[in-house]
Amino acid sequence: MGLIRAGCRLASHGYSGYGAAAMAAQRGLWARGPRIPNERGAPPPTTSRRIHWAPQSGPRQEKRHYSKDKDKCDDDDHRHEPSIWYKMLESAATSLASILVLGTGFALAAYTYHKTYKYFVLAKMSNAFEPGDPVLDLAAIGKDLPLSKTAAATHWIERPEQGIVDQIVAGKEVGHYHLFIGEKGTGKSSMLLEAMRKIDGDGVAMFEAHADLEIFRIRLGKALDYEFHEDYMGSYFSERGPRDTTALLDIERALNKVEKVALKRRARVGRPLVIIINQMHLIRDDEDGKDLIELLQQRAEQWAASNLVTMVFNSDDYWVYERLKQLSTRMAVLTVVDLPKQQAIAALKNYRRRYFSEVPSSAILEEIYDRVGGRLNFLNRVAKSQDMLATCEEIKRVEKTWFLNQCWILGEEMDDDVMDQQKWAAAAVVLATALVDKEEEMEKTYDPTKGHILPSYPLHIAQEIMTRADFVRALDRLNLFSITSKAEVRASSVPMHIAFREIVAQPGFREHLQATIDRIAAIESLGRTRELVAKDLVWGGKYEIKKSYGGVEVSLKQEGKKRDVTAVEEEDDGDDGKE
């Protein structure tokens, strides 16, 4: 068939039928067979297709044979040429196969990347709960301490609550989530760090709360080693990542991942994970803050019931307890207060021996306790100072200045523009005065063993004394007063209560307070009074005021005439203002 086609092509160029057939056979021989040298011994041409044959002239009969052969070859070529529909189908099939190959390749790549990414997300989060925690490293660096396993190396004073905290952080106390509440500087965070140090942070993650939800989200991700899909590259495969969302939804997704990690870890270790959120009081007491606390509490309740994760909330302010109390069923509250007298004196003695290699006398130690109480941060500052009594005086002065700057009253001459602030300040001063006066009603304010017994009022009584229900929580946030977990209101610390005594003992203080209260009452009275200005009253004229339906009618009488000067004035509906 190949020789016939080649002969047809040569015949179409003017060669005779036999000549074309011989040439086609020779070309096929040269193209397929071995090279044969010519008469002179030279090899044949390298390209057999370029051999030129001289056209042979023959009779007309041969040319008629040539025409018949050419037509036969053309018919044979047309018979074997594919149709246009076949070519279209072939092109479509090729395109479809290419698309399927590319689509399948991209789909497999995207699926593989997505599954691999999710696997590494869980692996990284699991690694965040392995022994060793950056929080411990930072705490040690902040105290200029080596990473030692001994309690003495950490300059630590073991509180009575330390054993309970150790059980919670080690994952041995299950079935509850916990709220640590107490004044600033009582040692709540230090106890948690010490408990983490004892187990080298195994199964524990700790981070600081923040008022901004975005910063809270970032800190949570750092503690859990979770990027919130910010490093997700699925967009290269036309896979949209779940990052376009709010901070609250990101936090929910992170907690979902924690739940998966906790399930695997409990099957392997048998203990729940522990997540510690420090300084919960920094969250704003608004709608966003309440939504965040509700989200965290729902997870804490669920995980406490299933023993997956134990969540620990640490707060200085009472409002966090009030918020959690509304929905709590498994919450356990641990109140952290100042150290008792004997333990505070022993701690101060140990501090002084470690820093200055000296042992103060018992009289000096008791006087220091009388001035600053058992607050750990105060004792730490005093123990590290050269003159301990001067440092005690400085601490009291700072507390007193803080209270006066926030709450001092302006007296009888105050301007009415500051009335709102003075209402708040007068309420705080009234409560401080009531706490000082209550000392006279108490049987004792000092115990030789326990130390100071600060006067306090129940929260509802404190609100009654202040005549406002919304001020006391703001005062708690400013660390002027403290609301305990038992809803008792008292001074925030021993130095603050001593400052209250000094302020109330000032000459003329109570008269100054009463003048401020009277001035506030007078301004409020002016705001509730309506003034009526009379004009156009000439000699012999008078006003006639009488009550009518729906208000008061005022008319002017003048020399036998009666003229209305003021229409009916509606009765006061309770709005303050002047007319």
Quick one: closest heavy-atom pair of [X] and [Y], and the distance?
X      : Y      : result
Val204 : Val169 : CG2-O, 3.6 Å
Gln343 : Arg159 : NE2-CA, 3.8 Å
Leu478 : Trp424 : CD1-CH2, 3.4 Å
Leu255 : Arg299 : CD1-CG, 3.5 Å
Thr391 : Arg381 : CG2-O, 4.0 Å
Tyr369 : Lys450 : OH-O, 3.3 Å

Do the side-chain N and O atoms of [X] and [Y] include a donor-acceptor pair separated by under 3.5 angstrom?
X      : Y      : value
Arg353 : Asn350 : yes
Ser482 : Glu183 : yes
Thr310 : Glu173 : no
Glu208 : Gln279 : yes

Taking the side chain from [X] and the backbone from [Y], do they hold a donor-acceptor pair closer than 3.5 Å?
X      : Y      : result
Arg501 : Val436 : no
Asn278 : Ser189 : no
Arg375 : Lys184 : yes
His210 : Leu282 : no
Arg352 : Ala383 : yes

Nearest 0.5 Å please: distance from the [atom1] atom of [X] over to the [atom2] atom of [Y].
X      : Y      : atom1 : atom2 : answer
Phe313 : His281 : CZ    : NE2   : 15.0 Å
Glu252 : Gln298 : CD    : CD    : 8.0 Å
His497 : Glu439 : NE2   : CD    : 3.0 Å
Leu480 : Trp402 : CG    : CH2   : 7.0 Å
Leu454 : Leu435 : CG    : CG    : 9.0 Å
Tyr226 : Lys257 : OH    : NZ    : 5.5 Å

Salt-bridge contact [X]-[Y] (side-chain N to carboxylate O under 4.0 Å):
X      : Y      : result
Asp317 : Arg323 : no
Glu194 : Arg197 : yes
Arg397 : Glu394 : yes
Asp285 : Arg477 : yes
Glu161 : Lys188 : no
Arg253 : Asp250 : yes

Quiz item: Yes or no on side-chain contact (heavy atoms from CB on, under 4.5 Å) for Val258 and Trp303, after CA distance, side-chain angles and deciding distance?
Solution: CA-CA 11 Å; Val258 171; Trp303 289 341; 4.1 Å; yes

Practice problem: Take Lys396 and Glu399, measure what side-chain contact (heavy atoms from CB on, under 4.5 Å) needs, and give me the verdict at the end. | Solution: CA-CA 5 Å; Lys396 187 261 297 178; Glu399 295 292 301; 5.8 Å; no

Quiz item: Which residue pairs pass the side chain to side chain donor-acceptor pair (under 3.5 Å) test when at least one of the two sits in residues 455-472, sequence neighbours left out?
Solution: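 Output for this query lists Ser456-Glu488, Arg468-Asp470.
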
If you define the side chain from C-beta out and look only at heavy atoms, does anything of [X] sit under 4.5 Å from [Y]?
X      : Y      : answer
Glu367 : Cys392 : no
Phe356 : Gln386 : yes
Asp370 : His452 : yes

Below 3.5 Å, can you tabulate the donor-acceptor pairs from side chains in residues 289-297 to any protein atom, sequence neighbours excluded?
from   : atom 1 : to     : atom 2 : distance (Å)
Gln297 : NE2    : Tyr177 : OH     : 3.1
Gln297 : NE2    : Leu324 : O      : 2.7

Quiz prompt | Chi angles and distances behind the side-chain contact (heavy atoms from CB on, under 4.5 Å) call for Arg519, Gln422 | solution = CA-CA 10 Å; Arg519 176 60 176 164; Gln422 283 297 292; over 6 Å; no

Self-check item: Results of side-chain contact (heavy atoms from CB on, under 4.5 Å) for Ala211 - residues two or more places apart only
Solution: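 Arg284.
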
Practice problem: Output, in order, the C-alpha distance, side-chain angles, deciding distance and verdict of ring pair (Phe, Tyr, Trp, His ring centres under 6.0 Å) for Phe481 and Phe500. | Solution: CA-CA 11 Å; Phe481 297 88; Phe500 290 169; 5.3 Å; yes

Exercise. Answer yes or no: are there more than 12 heavy-atom neighbours, outside Lys438 itself, under 6.0 Å from its atom NZ?
Key: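 Count over threshold, so yes.
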
